[in-house]
2 protein chains.
Amino acid sequence: MQETTTEAAPRTYWYPEREDITIYGILAALSDPTRLGIVRAIAAREECCPFDFLDVTSKQNLTHHFKVLRESGLVQARYEGRQKFVSLRRELIDDMFPGLLDGLLNAVAASEKR
Amino acid sequence: MQETTTEAAPRTYWYPEREDITIYGILAALSDPTRLGIVRAIAAREECCPFDFLDVTSKQNLTHHFKVLRESGLVQARYEGRQKFVSLRRELIDDMFPGLLDGLLNAVAASEKR
DNA sequence: TTATTAGTACAAGATGTATTGTACCATGCC
DNA sequence: GGCATGGTACAATACATCTTGTACTAATAA
């Protein structure tokens with residue numbers, strides 16, 4: 001007999017609504033070297049896979065950091081086969097905090113050119 | 001007889017050198033509501049006294065938050081009588097991370113105008 | 001000199017965070 | 001089916017952070 005209980009779809013996660021996103025959560029998310037590196041990489045190439053950062057830290061830790069980024073409101077993810085593709089929630093963040101992401105990423109990039 | 005041991009001047013504190021200031025420390029410092037409020041107030045009126053924020057939290061906690069701001073490299077302080085006057089290290093931060101402070105403060109201000 | 005005031009020092013408790021194990025799930029390939 | 005792979009769940013640890021108490025210093029005013 002077919003199982004009829006409704007189960008949550010696998011790999012479906014909670015995302016903060018607009019009113020739950022704060023500048024504090026965003027800045028805290030970006031205050032970690034690993035996570036800022038991830039966000040910079042995503043900003044540069046639209047999407048990225050956690051797998052790309054295995055040289056930085058362990059995969060469990062990457063899961064943790066991507067969770068922090070997701071819960072801050074900064075990123076969203078889609079799953080394709082076994083892979084996860086993460087992207088910035090650009091429109092939302094730019095609408096809520098205009099100039100924040102660009103200003104911050106530019107400032108970080110500029111600070112490295114010395 | 002006069003005491004001849006050399007003692008540290010009172011209320012003289014350590015400040016991070018340029019090479020010890022990181023974007024991570026700055027973002028972490030700004031990721032707290034109390035501290036971001038303090039920095040916004042300083043940015044608006046050049047200087048401020050911790051005393052101004054006694055309605056926000058206790059004075060011991062203010063000492064703590066101002067210490068975090070100082071050690072991140074964001075602020076400097078001078079003492080006049082009993083009072084402490086805190087200001088942003090604007091030139092340094094703007095030189096190290098051009099556009100960061102303005103972009104961030106503008107984004108926060110804009111997010112409140114809705 | 002005594003009291004008051006702005007601020008600090010230090011310890012303690014509660015909470016949050018980063019990281020590493022071990023185990024597990026979901027997908028794709030043989 | 002069996003196995004490898006990308007990713008997650010959960011517990012445990014170490015460490016950092018926020019906040020409050022109590023006690024203290026430095027400067028002003030009486």
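Here is how names work: the chains are called A, B, and so on, in the same order as the sequence lines, proteins then strands, and each is numbered from 1.
- The side chain to side chain donor-acceptor pair (under 3.5 Å) check on A/R35 picks up A/H65, with sequence neighbours excluded.
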Using atom names, set out every protein N or O paired with an N or O of nucleotides 26-30 of chain C below 3.5 Å, distance rounded to 0.1 Å.
residue, atom, partner, partner atom, Å
C/dT27, O2, A/R82, NH1, 3.4

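- Legend: residues meeting salt bridge (charged side-chain N to carboxylate O under 4.0 Å, His left out) with B/E91, ordered by chain and number and at least two apart, are absent.
- Residue contacts shown for B/F85 are absent, as no nucleic acid heavy atom lies under 4.0 Å away.
- Note that the first and last nucleotides of DNA chain D, 5' to 3', having any atom under 4.0 angstrom from a heavy atom of chain A are D/dA4 to D/dA9.
- Looking at residues two or more places apart in sequence or on another chain, you find a side chain to side chain donor-acceptor pair (under 3.5 Å) between A/S58 and A/Q60.
- Taking atom CG of B/D55 as the reference point, atom C1' of C/dA6 lies 16 Å away to the nearest angstrom.
- A/T57 pairs by the side chain to side chain donor-acceptor pair (under 3.5 Å) definition with A/N61, not counting sequence neighbours.
- For B/E47, the salt bridge (charged side-chain N to carboxylate O under 4.0 Å, His left out) test picks out B/R78, with sequence neighbours left out.
- The side chain to side chain donor-acceptor pair (under 3.5 Å) search around A/H64 returns none, not counting sequence neighbours.
- Within a heavy-atom distance below 4.0 Å of DNA chain D, the residues of residues 14-44 of chain B found are B/D32, B/R35.
- The structure places CG of B/L27 at 8.5 Å from CZ of B/F97, a figure rounded to the nearest 0.5 Å.
- The shortest distance between the side-chain N/O atoms of B/Y13 and the OP1/OP2 oxygens of C/dA9 is below 4.0 Å.
- Of the residues in residues 56-71 of chain A, those with a non-hydrogen atom less than 4.0 angstrom from any atom of DNA chain C are A/T57, A/S58, A/Q60, A/N61, A/H64, A/H65.
- One N or O on the side chain of B/R70 and one on the backbone of B/W14 form a donor-acceptor pair closer than 3.5 Å.
- Every residue meeting the side-chain contact (heavy atoms from CB on, under 4.5 Å) condition with B/R18, not counting sequence neighbours, appears here in chain and number order: A/R114, B/L92, B/D95, B/M96.
- Residues satisfying the salt bridge (charged side-chain N to carboxylate O under 4.0 Å, His left out) criterion with B/R90, sequence neighbours excluded, are B/D94, B/D102.
- For the pair B/A77 and B/K84, the tightest heavy-atom approach, listed with the atom from each and the gap, is CB-CE, 3.8 Å.
- Interatomic distance, OG of B/S72 versus CD1 of B/I26, reported as 6.0 Å (0.5 Å rounding).
- Taking a 6.0 Å sphere around CD of B/E19, one finds it holds more than 12 heavy atoms contributed by other residues, nucleotides or ligands.
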